[in-house]
**Student:** 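Here it is, the structure, as structure tokens.
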Amino acid sequence: MEDLVTDKLMDAVKYIRGIVEEKPTVGIILGSGLGGLAYEIQNPIEIAYSDIPFFKTSTVPGHEGKLIFGKIYDKNVVAMQGRLHYYEGYSMQDIVFPIRVFALLGVETLIVTNAAGGINPKFKPGDLMVITDHINMSGNSPLIGPNVEIIGPRFPSMRKIYSPKCIETIKEVAAKLKINLQEGIYAYMPGPQYETDAEVKMLEILGASAVGMSTVPEVIAAAHSSIAVLGVSCITNMAGGGEESPSHAEVLDVASKAEEDFTSLILDTINEL
Ligand code: HPA
């Protein structure tokens, strides 16, 4: 089975290398409502997920389904416009397949973005938050199953996987741009239902600042492949507190309002990496 995964990865890598010559060193996953950053990529080459061997396609509104290769400043980048979620019914292994392809293509830093519900009462909708650590509440892992040896070890460390250097860099960039950047721990709930008030209270007691339905599987896979990770959440709503849960349309709307700051923050951070 491990060999099968390796063969599939190699097929996907070979297909992409047949189209894109430059080796990307920065990977970007664009979260709900944050896909606009892709338009800042210079000399873009787009490849639909549906054309890449063994890639699955996203089924969620606000998530397109393509890889975009090109340049941001002097860096070769690849962006996923549209991500895969566990709640769509995909396996954890399917969700992280693109990350493993990124690793084999030469990606050294992964910037993971998402829309999230705020738990820290000091947060407000529209805030951006750099992720300092995560709590995996899914009871699942993309690394379950035979270990893919070409990617990483059987028992990888998950300590300091959100690169302290990247966190420092993005904070400096935010200060320069006068963007208020929060920081905190991201709790992963598999969804697709939003949290109960009791669950939000539990996550707060556990030390989480925000909650969302993505990111953690990809980050675990990136850490497994020794890719440095920078995570940024857009707080689109407050997760608890007696309000109604947000609609997905509201999540997309708030994320799109924060998108201008978000885009400049990420672009300038890539320049400083
Ligand atoms: N909970 C989980 N995921 C989310 C939320 C939330 O409140 N907002 C945006 N993504």
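Ligands are counted one by one from 1 in listed order, and the atoms in each one are counted from 1 as well.
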**Student:** Should Q182 and V130 count as side-chain neighbours, where that means a heavy-atom distance under 4.5 Å?
**Tutor:**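 Heavy-atom side-chain distance check fails, nothing below 4.5 Å.
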**Student:** Any side-chain hydrogen bond (donor to acceptor under 3.5 Å, both in side chains) pairs touching residues 257-273, not counting sequence neighbours?
**Tutor:**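 For residues 257-273, and leaving out neighbouring residues, the side-chain hydrogen bond (donor to acceptor under 3.5 Å, both in side chains) pairs sorted by first residue read Y73-D268, D253-K257.
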**Student:** Report the relative orientation of the aromatic rings in F55 and Y49; use parallel for angles under 30°, tilted for 30 to 60°, perpendicular for over 60°.
**Tutor:**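 Answer is tilted, since the angle falls between 30° and 60°.
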**Student:** Assess, by modelled atom type and distance only, whether the side chains of Y162 and D133 contain a donor and an acceptor separated by less than 3.5 Å.
**Tutor:**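 Not at all, the side chains of Y162 and D133 share no donor-acceptor pair under 3.5 Å.
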**Student:** Would you mind listing each N/O atom of ligand 1 next to any protein N/O under 3.5 Å, plus the distance?
**Tutor:**
unit_1, atom_1, unit_2, atom_2, d
ligand 1, 1 (N), E195, OE1, 2.8
ligand 1, 1 (N), E195, OE2, 3.3
ligand 1, 7 (O), N237, ND2, 2.9
ligand 1, 8 (N), G117, N, 3.4
ligand 1, 8 (N), N237, OD1, 2.7
ligand 1, 10 (N), A115, O, 3.4

**Student:** Give a yes or no on whether a salt bridge exists between K124 and D127, defined as a side-chain N under 4.0 angstrom from a carboxylate O.
**Tutor:**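 Salt bridge between K124 and D127, a charged N being under 4.0 Å from a carboxylate O: yes.
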**Student:** Whether the K23 and N76 side chains hold a donor-acceptor pair (N or O, under 3.5 Å, no angle test) is what I'd like checked.
**Tutor:**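 Judged by distance alone, the side chains do not pair up.
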